[in-house]
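Any value given below was found using the heavy atoms of this structure, including those in side chains, with hydrogens, waters and symmetry copies removed. Within every chain, numbering begins at 1; the chains are lettered A, B, ... in the order of the sequence lines, protein sequences first and strands thereafter.
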2 protein chains.
Amino acid sequence: MPGEGLRDRKKRRTRAALARAAVLLAAERGLDHVTVDDISAAAGVSPRTFFNYFAGKEEAVIGPDPDAAARIAARIAAQPEDRSAAVVVRDTLLAEIADELADDPELCLLRIKVVHQHPALLTRLFAAGEETEQHMVAAVAARCGLSPHDIYPHLLAAAAGAAFRVAMTRWASPEGRRDPARLAELFIEAMDLVAAGLADPPHRSDEG
Amino acid sequence: MPGEGLRDRKKRRTRAALARAAVLLAAERGLDHVTVDDISAAAGVSPRTFFNYFAGKEEAVIGPDPDAAARIAARIAAQPEDRSAAVVVRDTLLAEIADELADDPELCLLRIKVVHQHPALLTRLFAAGEETEQHMVAAVAARCGLSPHDIYPHLLAAAAGAAFRVAMTRWASPEGRRDPARLAELFIEAMDLVAAGLADPPHRSDEG
DNA sequence: GGAGAACGTGCAGACACTGCAAATTTGCAT
DNA sequence: ATGCAAATTTGCAGTGTCTGCACGTTCTCC
(Lines give C-alpha, C1' and ligand atoms only; values in the text may rest on other atoms or scores of the structure.)
Protein backbone atom coordinates (compact mmCIF):
# COMPACT_ATOMS: atom_id res chain seq x y z
CA MET A 1 0.00 0.00 0.00
CA PRO A 2 2.79 2.49 0.81
CA GLY A 3 5.23 3.56 -1.85
CA GLU A 4 2.33 3.25 -4.20
CA GLY A 5 2.55 6.67 -5.72
CA LEU A 6 0.02 9.40 -6.03
CA ARG A 7 -1.01 8.11 -9.40
CA ASP A 8 -2.22 4.70 -8.27
CA ARG A 9 -3.95 6.14 -5.25
CA LYS A 10 -5.88 8.52 -7.43
CA LYS A 11 -6.92 5.75 -9.76
CA ARG A 12 -8.13 3.71 -6.84
CA ARG A 13 -10.15 6.62 -5.56
CA THR A 14 -11.67 7.32 -8.95
CA ARG A 15 -12.68 3.71 -9.38
CA ALA A 16 -14.19 3.60 -5.91
CA ALA A 17 -16.03 6.86 -6.49
CA LEU A 18 -17.53 5.56 -9.71
CA ALA A 19 -18.55 2.26 -8.17
CA ARG A 20 -20.03 4.01 -5.17
CA ALA A 21 -21.97 6.48 -7.29
CA ALA A 22 -23.29 3.65 -9.44
CA VAL A 23 -24.63 1.75 -6.45
CA LEU A 24 -26.08 4.80 -4.75
CA LEU A 25 -27.88 6.08 -7.81
CA ALA A 26 -29.14 2.63 -8.79
CA ALA A 27 -30.47 2.04 -5.29
CA GLU A 28 -32.24 5.37 -5.43
CA ARG A 29 -33.90 5.28 -8.86
CA GLY A 30 -33.36 1.80 -10.19
CA LEU A 31 -30.52 0.99 -12.54
CA ASP A 32 -32.63 1.54 -15.65
CA HIS A 33 -33.10 5.17 -14.76
CA VAL A 34 -29.42 5.84 -14.24
CA THR A 35 -27.19 6.74 -17.17
CA VAL A 36 -23.44 6.56 -17.40
CA ASP A 37 -23.49 10.34 -17.55
CA ASP A 38 -25.24 10.46 -14.19
CA ILE A 39 -22.69 8.18 -12.58
CA SER A 40 -19.76 10.06 -14.05
CA ALA A 41 -21.16 13.40 -12.94
CA ALA A 42 -21.72 12.10 -9.41
CA ALA A 43 -18.13 10.85 -9.31
CA GLY A 44 -16.76 14.07 -10.71
CA VAL A 45 -15.19 12.70 -13.89
CA SER A 46 -16.10 12.82 -17.53
CA PRO A 47 -18.33 10.13 -19.05
CA ARG A 48 -15.44 9.11 -21.25
CA THR A 49 -13.34 8.37 -18.21
CA PHE A 50 -16.03 6.09 -16.87
CA PHE A 51 -15.33 3.70 -19.70
CA ASN A 52 -11.66 3.72 -18.88
CA TYR A 53 -12.59 1.97 -15.64
CA PHE A 54 -15.70 -0.08 -16.36
CA ALA A 55 -17.18 -1.70 -19.42
CA GLY A 56 -20.64 -0.47 -18.51
CA LYS A 57 -22.84 0.54 -15.62
CA GLU A 58 -23.57 -3.03 -14.63
CA GLU A 59 -19.93 -3.73 -14.08
CA ALA A 60 -19.63 -0.52 -12.09
CA VAL A 61 -22.37 -1.66 -9.74
CA ILE A 62 -20.70 -5.00 -9.18
CA GLY A 63 -17.39 -3.24 -8.70
CA PRO A 64 -14.87 -6.02 -9.29
CA ASP A 65 -11.60 -5.63 -7.43
CA PRO A 66 -8.49 -5.69 -9.64
CA ASP A 67 -6.32 -6.76 -6.70
CA ALA A 68 -8.45 -9.75 -5.76
CA ALA A 69 -6.34 -12.29 -7.64
CA ALA A 70 -3.10 -11.48 -5.85
CA ARG A 71 -4.75 -11.26 -2.45
CA ILE A 72 -6.51 -14.59 -2.81
CA ALA A 73 -3.37 -16.34 -3.93
CA ALA A 74 -1.53 -14.93 -0.93
CA ARG A 75 -4.26 -16.05 1.42
CA ILE A 76 -4.21 -19.58 0.15
CA ALA A 77 -0.45 -19.76 0.36
CA ALA A 78 -0.43 -18.33 3.88
CA GLN A 79 -2.53 -21.03 5.50
CA PRO A 80 -1.10 -23.82 7.65
CA GLU A 81 0.01 -26.92 5.83
CA ASP A 82 -2.10 -29.38 7.77
CA ARG A 83 -5.48 -28.22 6.52
CA SER A 84 -7.53 -29.90 3.87
CA ALA A 85 -7.78 -28.12 0.55
CA ALA A 86 -11.50 -27.64 1.01
CA VAL A 87 -11.01 -25.90 4.36
CA VAL A 88 -8.30 -23.68 2.93
CA VAL A 89 -10.54 -22.54 0.11
CA ARG A 90 -13.45 -22.10 2.46
CA ASP A 91 -11.51 -19.92 4.88
CA THR A 92 -10.01 -17.89 2.07
CA LEU A 93 -13.44 -17.03 0.76
CA LEU A 94 -14.65 -16.31 4.28
CA ALA A 95 -11.79 -13.88 4.74
CA GLU A 96 -12.65 -12.19 1.46
CA ILE A 97 -16.27 -11.71 2.49
CA ALA A 98 -15.23 -10.41 5.88
CA ASP A 99 -12.88 -7.87 4.33
CA GLU A 100 -15.36 -6.72 1.78
CA LEU A 101 -18.07 -6.30 4.38
CA ALA A 102 -15.71 -4.56 6.76
CA ASP A 103 -14.61 -2.10 4.13
CA ASP A 104 -18.01 -0.47 3.65
CA PRO A 105 -20.94 -2.42 5.09
CA GLU A 106 -23.65 -0.02 3.99
CA LEU A 107 -22.47 0.04 0.42
CA CYS A 108 -22.42 -3.76 0.41
CA LEU A 109 -25.97 -3.95 1.63
CA LEU A 110 -27.09 -1.40 -0.91
CA ARG A 111 -25.37 -3.35 -3.64
CA ILE A 112 -27.22 -6.49 -2.57
CA LYS A 113 -30.45 -4.56 -2.70
CA VAL A 114 -29.75 -3.30 -6.20
CA VAL A 115 -28.76 -6.74 -7.41
CA HIS A 116 -31.99 -8.08 -5.97
CA GLN A 117 -33.99 -5.72 -8.12
CA HIS A 118 -32.07 -6.59 -11.29
CA PRO A 119 -31.62 -10.29 -12.06
CA ALA A 120 -29.28 -9.34 -14.88
CA LEU A 121 -26.89 -8.11 -12.22
CA LEU A 122 -27.07 -11.41 -10.39
CA THR A 123 -25.65 -12.98 -13.50
CA ARG A 124 -22.82 -10.47 -13.54
CA LEU A 125 -22.12 -11.05 -9.90
CA PHE A 126 -21.87 -14.77 -10.46
CA ALA A 127 -19.64 -14.15 -13.43
CA ALA A 128 -17.32 -12.23 -11.14
CA GLY A 129 -17.35 -15.28 -8.92
CA GLU A 130 -16.17 -17.39 -11.83
CA GLU A 131 -13.21 -15.07 -12.16
CA THR A 132 -12.42 -15.55 -8.51
CA GLU A 133 -12.58 -19.30 -8.96
CA GLN A 134 -10.05 -19.15 -11.76
CA HIS A 135 -7.71 -17.18 -9.54
CA MET A 136 -7.86 -19.89 -6.91
CA VAL A 137 -7.09 -22.79 -9.20
CA ALA A 138 -3.37 -22.23 -9.57
CA ALA A 139 -2.88 -21.56 -5.86
CA VAL A 140 -4.81 -24.67 -4.86
CA ALA A 141 -2.93 -26.81 -7.36
CA ALA A 142 0.40 -25.58 -6.06
CA ARG A 143 -0.63 -26.24 -2.50
CA CYS A 144 -1.76 -29.78 -3.24
CA GLY A 145 1.24 -30.54 -5.40
CA LEU A 146 -0.95 -31.03 -8.44
CA SER A 147 -0.70 -29.75 -11.96
CA PRO A 148 -2.85 -26.69 -12.71
CA HIS A 149 -4.37 -28.87 -15.41
CA ASP A 150 -5.52 -31.49 -12.93
CA ILE A 151 -9.26 -31.64 -12.61
CA TYR A 152 -9.29 -31.51 -8.82
CA PRO A 153 -8.33 -27.86 -8.29
CA HIS A 154 -10.79 -26.78 -10.95
CA LEU A 155 -13.58 -28.81 -9.40
CA LEU A 156 -12.84 -27.66 -5.89
CA ALA A 157 -12.81 -24.03 -6.93
CA ALA A 158 -15.99 -24.41 -8.95
CA ALA A 159 -17.75 -26.29 -6.17
CA ALA A 160 -16.67 -23.69 -3.63
CA GLY A 161 -18.04 -21.01 -5.92
CA ALA A 162 -21.29 -22.92 -6.16
CA ALA A 163 -21.52 -23.21 -2.38
CA PHE A 164 -20.78 -19.53 -2.08
CA ARG A 165 -23.53 -18.57 -4.51
CA VAL A 166 -26.05 -20.73 -2.72
CA ALA A 167 -25.08 -19.25 0.63
CA MET A 168 -25.21 -15.74 -0.79
CA THR A 169 -28.63 -16.28 -2.31
CA ARG A 170 -30.09 -17.64 0.91
CA TRP A 171 -28.48 -14.90 2.91
CA ALA A 172 -29.92 -12.19 0.69
CA SER A 173 -33.40 -13.70 0.73
CA PRO A 174 -35.92 -11.68 2.71
CA GLU A 175 -36.35 -14.22 5.52
CA GLY A 176 -33.74 -14.48 8.23
CA ARG A 177 -30.91 -12.37 9.53
CA ARG A 178 -28.63 -10.55 7.16
CA ASP A 179 -25.45 -9.83 9.05
CA PRO A 180 -21.95 -10.98 8.14
CA ALA A 181 -21.92 -13.72 10.77
CA ARG A 182 -25.04 -15.29 9.30
CA LEU A 183 -23.51 -15.31 5.82
CA ALA A 184 -20.43 -17.02 7.20
CA GLU A 185 -22.62 -19.65 8.88
CA LEU A 186 -24.49 -20.35 5.68
CA PHE A 187 -21.35 -20.59 3.62
CA ILE A 188 -19.68 -22.93 6.08
CA GLU A 189 -22.74 -25.16 6.12
CA ALA A 190 -22.88 -25.22 2.32
CA MET A 191 -19.18 -25.78 1.91
CA ASP A 192 -19.11 -28.60 4.42
CA LEU A 193 -21.95 -30.34 2.65
CA VAL A 194 -20.18 -30.08 -0.66
CA ALA A 195 -16.88 -31.22 0.77
CA ALA A 196 -18.61 -34.21 2.35
CA GLY A 197 -20.29 -35.31 -0.87
CA LEU A 198 -23.73 -34.74 -2.28
CA ALA A 199 -24.84 -38.09 -3.60
CA ASP A 200 -27.86 -38.20 -1.30
CA PRO A 201 -29.52 -35.64 0.91
CA PRO A 202 -28.30 -35.82 4.50
CA HIS A 203 -30.80 -37.06 7.07
CA ARG A 204 -30.98 -34.08 9.27
CA SER A 205 -31.42 -34.61 12.97
CA ASP A 206 -30.27 -31.15 14.06
CA GLU A 207 -30.55 -27.56 12.89
CA GLY A 208 -33.59 -25.61 11.69
CA MET B 1 -44.82 -31.36 -30.74
CA PRO B 2 -47.93 -32.12 -32.85
CA GLY B 3 -51.06 -30.08 -32.39
CA GLU B 4 -48.78 -27.20 -31.75
CA GLY B 5 -50.24 -24.80 -34.27
CA LEU B 6 -48.67 -23.06 -37.17
CA ARG B 7 -47.91 -20.03 -35.06
CA ASP B 8 -45.67 -21.77 -32.55
CA ARG B 9 -43.88 -23.66 -35.26
CA LYS B 10 -43.12 -20.43 -37.06
CA LYS B 11 -41.82 -18.84 -33.91
CA ARG B 12 -39.60 -21.79 -33.28
CA ARG B 13 -38.21 -21.58 -36.79
CA THR B 14 -37.61 -17.85 -36.59
CA ARG B 15 -35.76 -18.22 -33.30
CA ALA B 16 -33.66 -21.03 -34.68
CA ALA B 17 -32.90 -19.08 -37.84
CA LEU B 18 -31.75 -16.08 -35.82
CA ALA B 19 -29.61 -18.16 -33.50
CA ARG B 20 -28.10 -20.04 -36.42
CA ALA B 21 -27.35 -16.86 -38.34
CA ALA B 22 -25.76 -15.33 -35.27
CA VAL B 23 -23.40 -18.28 -34.77
CA LEU B 24 -22.53 -18.58 -38.46
CA LEU B 25 -21.76 -14.93 -38.93
CA ALA B 26 -19.83 -14.67 -35.68
CA ALA B 27 -17.75 -17.70 -36.57
CA GLU B 28 -17.00 -16.15 -39.93
CA ARG B 29 -16.07 -12.58 -39.01
CA GLY B 30 -15.89 -12.48 -35.24
CA LEU B 31 -18.80 -11.32 -33.14
CA ASP B 32 -17.58 -7.73 -33.01
CA HIS B 33 -17.93 -7.39 -36.74
CA VAL B 34 -21.48 -8.67 -36.82
CA THR B 35 -24.38 -6.32 -36.22
CA VAL B 36 -27.92 -7.15 -35.26
CA ASP B 37 -28.90 -5.91 -38.70
CA ASP B 38 -26.63 -8.49 -40.29
CA ILE B 39 -28.13 -11.30 -38.26
CA SER B 40 -31.69 -10.20 -38.90
CA ALA B 41 -31.05 -9.91 -42.64
CA ALA B 42 -29.49 -13.36 -42.75
CA ALA B 43 -32.49 -14.78 -40.94
CA GLY B 44 -34.93 -12.94 -43.15
CA VAL B 45 -36.65 -10.85 -40.51
CA SER B 46 -36.55 -7.19 -39.55
CA PRO B 47 -34.03 -5.97 -36.98
CA ARG B 48 -36.89 -5.01 -34.75
CA THR B 49 -38.09 -8.59 -34.71
CA PHE B 50 -34.69 -9.76 -33.58
CA PHE B 51 -35.23 -8.01 -30.28
CA ASN B 52 -38.54 -9.74 -29.85
CA TYR B 53 -36.59 -12.97 -29.53
CA PHE B 54 -33.23 -12.06 -28.02
CA ALA B 55 -31.97 -9.31 -25.77
CA GLY B 56 -28.87 -8.86 -27.91
CA LYS B 57 -26.52 -10.65 -30.23
CA GLU B 58 -24.69 -12.38 -27.40
CA GLU B 59 -27.85 -14.06 -26.24
CA ALA B 60 -28.60 -15.05 -29.82
CA VAL B 61 -25.26 -16.81 -30.10
CA ILE B 62 -25.85 -18.72 -26.88
CA GLY B 63 -29.38 -19.52 -28.02
CA PRO B 64 -31.13 -20.45 -24.78
CA ASP B 65 -33.98 -22.91 -25.16
CA PRO B 66 -37.32 -21.71 -23.78
CA ASP B 67 -38.56 -25.28 -23.36
CA ALA B 68 -35.59 -26.45 -21.33
CA ALA B 69 -37.26 -26.00 -17.97
CA ALA B 70 -40.22 -28.26 -18.73
CA ARG B 71 -38.08 -30.89 -20.39
CA ILE B 72 -35.62 -31.04 -17.52
CA ALA B 73 -38.35 -31.34 -14.94
CA ALA B 74 -39.89 -34.17 -16.92
CA ARG B 75 -36.57 -35.96 -17.20
CA ILE B 76 -35.93 -35.80 -13.49
CA ALA B 77 -39.40 -37.02 -12.69
CA ALA B 78 -39.14 -39.87 -15.20
CA GLN B 79 -36.14 -41.59 -13.65
CA PRO B 80 -36.36 -44.73 -11.52
CA GLU B 81 -36.93 -44.21 -7.83
CA ASP B 82 -33.94 -46.15 -6.62
CA ARG B 83 -31.27 -43.81 -7.92
CA SER B 84 -29.39 -41.29 -5.86
CA ALA B 85 -30.24 -37.67 -6.42
CA ALA B 86 -26.76 -36.99 -7.73
CA VAL B 87 -27.05 -39.70 -10.37
CA VAL B 88 -30.47 -38.46 -11.43
CA VAL B 89 -29.17 -34.96 -11.94
CA ARG B 90 -26.09 -36.23 -13.71
CA ASP B 91 -28.04 -38.34 -16.16
CA THR B 92 -30.53 -35.57 -16.79
CA LEU B 93 -27.75 -33.22 -17.80
CA LEU B 94 -26.11 -35.94 -19.88
CA ALA B 95 -29.38 -36.42 -21.74
CA GLU B 96 -29.62 -32.68 -22.34
CA ILE B 97 -26.14 -32.54 -23.82
CA ALA B 98 -26.82 -35.56 -25.99
CA ASP B 99 -30.01 -34.03 -27.35
CA GLU B 100 -28.42 -30.70 -28.02
CA LEU B 101 -25.50 -32.26 -29.81
CA ALA B 102 -27.73 -34.60 -31.77
CA ASP B 103 -29.92 -31.75 -32.93
CA ASP B 104 -27.21 -29.96 -34.90
CA PRO B 105 -23.65 -31.07 -34.17
CA GLU B 106 -21.92 -28.67 -36.52
CA LEU B 107 -23.71 -25.66 -35.13
CA CYS B 108 -22.76 -26.74 -31.62
CA LEU B 109 -19.12 -27.00 -32.54
CA LEU B 110 -19.22 -23.63 -34.23
CA ARG B 111 -20.84 -22.13 -31.17
CA ILE B 112 -18.07 -23.52 -29.01
CA LYS B 113 -15.55 -21.99 -31.35
CA VAL B 114 -17.20 -18.59 -31.20
CA VAL B 115 -17.46 -18.71 -27.42
CA HIS B 116 -13.78 -19.56 -27.28
CA GLN B 117 -12.91 -16.38 -29.11
CA HIS B 118 -15.10 -14.23 -26.88
CA PRO B 119 -14.70 -14.70 -23.14
CA ALA B 120 -17.69 -12.45 -22.61
CA LEU B 121 -19.77 -15.18 -24.17
CA LEU B 122 -18.40 -17.74 -21.76
CA THR B 123 -19.92 -15.68 -19.00
CA ARG B 124 -23.26 -15.68 -20.78
CA LEU B 125 -23.07 -19.39 -21.33
CA PHE B 126 -22.45 -20.00 -17.65
CA ALA B 127 -25.29 -17.68 -16.82
CA ALA B 128 -27.55 -19.85 -18.93
CA GLY B 129 -26.30 -22.76 -16.86
CA GLU B 130 -27.41 -20.97 -13.72
CA GLU B 131 -30.90 -20.80 -15.17
CA THR B 132 -30.84 -24.50 -15.82
CA GLU B 133 -29.78 -25.11 -12.24
CA GLN B 134 -32.74 -23.16 -10.94
CA HIS B 135 -35.05 -25.25 -13.06
CA MET B 136 -33.71 -28.40 -11.50
CA VAL B 137 -34.13 -27.33 -7.91
CA ALA B 138 -37.86 -27.80 -7.62
CA ALA B 139 -37.81 -31.15 -9.39
CA VAL B 140 -34.97 -32.44 -7.22
CA ALA B 141 -36.66 -31.25 -4.06
CA ALA B 142 -39.89 -32.97 -5.01
CA ARG B 143 -38.09 -36.17 -5.80
CA CYS B 144 -36.25 -36.21 -2.49
CA GLY B 145 -39.30 -35.22 -0.48
CA LEU B 146 -37.66 -31.99 0.58
CA SER B 147 -38.88 -28.42 0.64
CA PRO B 148 -37.76 -26.31 -2.32
CA HIS B 149 -36.27 -24.05 0.35
CA ASP B 150 -34.04 -26.80 1.68
CA ILE B 151 -30.40 -26.16 1.02
CA TYR B 152 -29.71 -29.62 -0.40
CA PRO B 153 -31.47 -29.30 -3.77
CA HIS B 154 -29.90 -25.91 -4.32
CA LEU B 155 -26.45 -27.19 -3.50
CA LEU B 156 -26.78 -30.29 -5.61
CA ALA B 157 -27.96 -28.28 -8.60
CA ALA B 158 -25.22 -25.71 -8.16
CA ALA B 159 -22.55 -28.35 -7.71
CA ALA B 160 -23.78 -30.22 -10.77
CA GLY B 161 -23.61 -26.98 -12.71
CA ALA B 162 -20.07 -26.47 -11.47
CA ALA B 163 -19.07 -29.95 -12.53
CA PHE B 164 -20.67 -29.37 -15.90
CA ARG B 165 -18.79 -26.13 -16.45
CA VAL B 166 -15.49 -27.74 -15.55
CA ALA B 167 -16.17 -30.66 -17.88
CA MET B 168 -17.21 -28.29 -20.63
CA THR B 169 -14.11 -26.16 -20.26
CA ARG B 170 -11.78 -29.12 -20.36
CA TRP B 171 -13.63 -30.59 -23.29
CA ALA B 172 -13.39 -27.40 -25.29
CA SER B 173 -9.71 -26.95 -24.54
CA PRO B 174 -7.43 -27.51 -27.54
CA GLU B 175 -5.87 -30.71 -26.25
CA GLY B 176 -7.75 -33.98 -26.46
CA ARG B 177 -10.77 -35.29 -28.32
CA ARG B 178 -13.82 -33.21 -28.77
CA ASP B 179 -16.66 -35.58 -29.48
CA PRO B 180 -19.86 -35.98 -27.47
CA ALA B 181 -18.69 -39.19 -25.85
CA ARG B 182 -15.61 -37.48 -24.46
CA LEU B 183 -17.71 -34.69 -22.98
CA ALA B 184 -19.91 -37.27 -21.32
CA GLU B 185 -16.86 -39.00 -19.86
CA LEU B 186 -15.49 -35.77 -18.48
CA PHE B 187 -18.79 -34.77 -16.97
CA ILE B 188 -19.30 -38.16 -15.36
CA GLU B 189 -15.83 -38.01 -13.88
CA ALA B 190 -16.39 -34.51 -12.53
CA MET B 191 -19.83 -35.26 -11.18
CA ASP B 192 -18.68 -38.43 -9.45
CA LEU B 193 -15.85 -36.55 -7.77
CA VAL B 194 -18.22 -33.91 -6.53
CA ALA B 195 -20.76 -36.46 -5.36
CA ALA B 196 -18.02 -38.31 -3.51
CA GLY B 197 -16.78 -35.23 -1.67
CA LEU B 198 -13.96 -32.83 -2.34
CA ALA B 199 -12.28 -32.27 0.98
CA ASP B 200 -8.96 -33.64 -0.23
CA PRO B 201 -7.64 -34.54 -3.65
CA PRO B 202 -8.12 -38.20 -4.47
CA HIS B 203 -4.95 -40.29 -4.62
CA ARG B 204 -5.10 -41.42 -8.17
CA SER B 205 -3.86 -44.85 -8.98
CA ASP B 206 -5.59 -45.18 -12.33
CA GLU B 207 -6.41 -42.94 -15.29
CA GLY B 208 -4.20 -40.62 -17.29
C1' DG C 1 -66.20 -15.79 -41.77
C1' DG C 2 -65.59 -12.56 -38.16
C1' DA C 3 -63.77 -10.98 -33.49
C1' DG C 4 -59.67 -10.82 -31.15
C1' DA C 5 -55.15 -12.03 -29.95
C1' DA C 6 -50.46 -12.65 -31.30
C1' DC C 7 -46.88 -11.45 -34.26
C1' DG C 8 -43.91 -8.62 -37.56
C1' DT C 9 -42.44 -4.22 -38.86
C1' DG C 10 -41.00 0.70 -39.39
C1' DC C 11 -39.84 4.82 -37.04
C1' DA C 12 -38.09 7.97 -33.66
C1' DG C 13 -35.13 8.60 -30.07
C1' DA C 14 -32.32 7.84 -25.91
C1' DC C 15 -28.39 5.67 -24.64
C1' DA C 16 -24.05 2.70 -24.78
C1' DC C 17 -19.65 2.30 -26.29
C1' DT C 18 -15.27 3.07 -29.11
C1' DG C 19 -11.33 5.36 -31.64
C1' DC C 20 -8.69 9.32 -31.98
C1' DA C 21 -6.11 13.30 -30.85
C1' DA C 22 -5.41 17.14 -27.80
C1' DA C 23 -4.82 18.69 -23.07
C1' DT C 24 -3.56 17.76 -18.42
C1' DT C 25 -1.22 15.47 -14.70
C1' DT C 26 2.33 12.68 -12.65
C1' DG C 27 7.03 10.33 -12.19
C1' DC C 28 11.73 10.93 -12.52
C1' DA C 29 16.19 12.58 -13.66
C1' DT C 30 18.71 16.27 -14.35
C1' DA D 1 13.36 24.07 -10.24
C1' DT D 2 12.94 22.32 -14.85
C1' DG D 3 12.13 19.55 -18.57
C1' DC D 4 11.09 15.19 -20.73
C1' DA D 5 8.45 10.88 -21.03
C1' DA D 6 4.62 8.20 -19.73
C1' DA D 7 0.14 7.78 -17.93
C1' DT D 8 -4.39 9.68 -17.49
C1' DT D 9 -8.31 12.58 -18.58
C1' DT D 10 -11.20 14.59 -21.72
C1' DG D 11 -14.05 16.13 -25.82
C1' DC D 12 -15.81 14.84 -30.07
C1' DA D 13 -17.65 12.25 -33.74
C1' DG D 14 -19.66 8.24 -35.19
C1' DT D 15 -21.56 3.61 -35.06
C1' DG D 16 -24.41 0.40 -32.96
C1' DT D 17 -27.72 -1.24 -29.24
C1' DC D 18 -32.15 -1.35 -27.45
C1' DT D 19 -36.94 0.34 -26.37
C1' DG D 20 -41.71 2.23 -26.85
C1' DC D 21 -45.31 2.99 -29.85
C1' DA D 22 -48.47 2.55 -33.59
C1' DC D 23 -50.00 0.07 -37.48
C1' DG D 24 -50.55 -3.70 -40.72
C1' DT D 25 -50.64 -8.74 -41.13
C1' DT D 26 -51.33 -13.45 -39.80
C1' DC D 27 -53.11 -16.97 -37.06
C1' DT D 28 -56.70 -18.95 -33.59
C1' DC D 29 -61.00 -20.00 -32.11
C1' DC D 30 -65.83 -19.83 -32.13
statement: A/Arg9 CZ to C/dT25 C1', in whole Å, measures 15 Å

message: Heavy-atom nearest nucleotide on DNA chain D for B/Val34 versus B/Leu6: which residue maps closer to 5'?
response: B/Val34

- request: Taking only heavy atoms on the protein side, list every residue of residues 42-55 of chain B lying under 4.0 Å from any atom of DNA chain C, sorted numerically.
  value: B/Val45, B/Ser46, B/Arg48, B/Thr49, B/Asn52, B/Tyr53

message: Just N and O in the side chain of B/Lys11: are any of them under 4.0 Å from OP1 or OP2 of C/dA6?
response: no

message: OP1 or OP2 of D/dC27 versus the side-chain N and O atoms of B/Lys10: is any pair under 4.0 Å?
response: yes

- line: Taking for B/Asp8 and for B/Asp37 the nucleotide of DNA chain D with the nearest heavy atom, the one nearer the 5' end belongs to B/Asp37

task: Spell out yes or no: do the side chain of A/Arg7 and the base of D/dT8 have one donor N/O and one acceptor N/O closer than 3.5 Å?
output: no

- request: Show your reasoning for whether side chain to side chain donor-acceptor pair (under 3.5 Å) applies to A/Thr35 and A/Asp38.
  value: CA-CA 5 Å; A/Thr35 70; A/Asp38 295 335; 3.2 Å; yes

field: Results of side-chain hydrogen bond (donor to acceptor under 3.5 Å, both in side chains) for A/Asp8 - residues two or more places apart only
entry: none

query: Considering residues at least two apart in sequence or located in another chain, which fulfil the side-chain hydrogen bond (donor to acceptor under 3.5 Å, both in side chains) criterion with A/Arg20?
result: A/Asp104

field: Whole-Å gap separating P (C/dC15) and CD (A/Glu58)
entry: 16 Å

message: If the threshold is 4.0 Å, N to carboxylate O, is there a salt bridge linking B/Arg170 and B/Glu189?
response: no

- request: Provide the closest heavy-atom pair for A/Leu146 versus A/Pro153 in the form atom of the first, atom of the second, distance.
  value: CD1-CD, 4.1 Å

B/Thr92 and B/Gln79 side chains, donor-acceptor separation under 3.5 Å: yes

For B/Asp67, the option from B/Arg12, B/Arg15, B/Arg75 that meets salt bridge (charged side-chain N to carboxylate O under 4.0 Å, His left out): B/Arg12

message: Can you see whether A/Ser40 engages A/Asp37 through a side-chain donor-acceptor pair at a distance of less than 3.5 angstrom?
response: no

- prompt: Does some side-chain heavy atom of A/Asp32 sit less than 4.5 Å from a side-chain heavy atom of A/His118?
  reply: yes

task: For B/Arg15 and C/dG8, give me the distance from atom CZ to atom C1', rounded to whole Å.
output: 16 Å

Set of side-chain hydrogen bond (donor to acceptor under 3.5 Å, both in side chains) partners for B/Ser173, sequence neighbours left out: none

Whole angstrom value for the distance that separates C1' of D/dC18 from CD1 of B/Ile39: 14 Å

- line: So, with a heavy-atom separation below 4.0 Å from DNA chain C, the residues of residues 18-32 of chain B are none

field: Contact summary for A/Trp171 and A/Asp179, nearest pair of heavy atoms
entry: NE1-O, 3.0 Å

Axis-to-axis angle between the two ends of the helix from C/dG1-D/dC30 to C/dT30-D/dA1 (five base pairs per end, rounded to 10 degrees): 30°

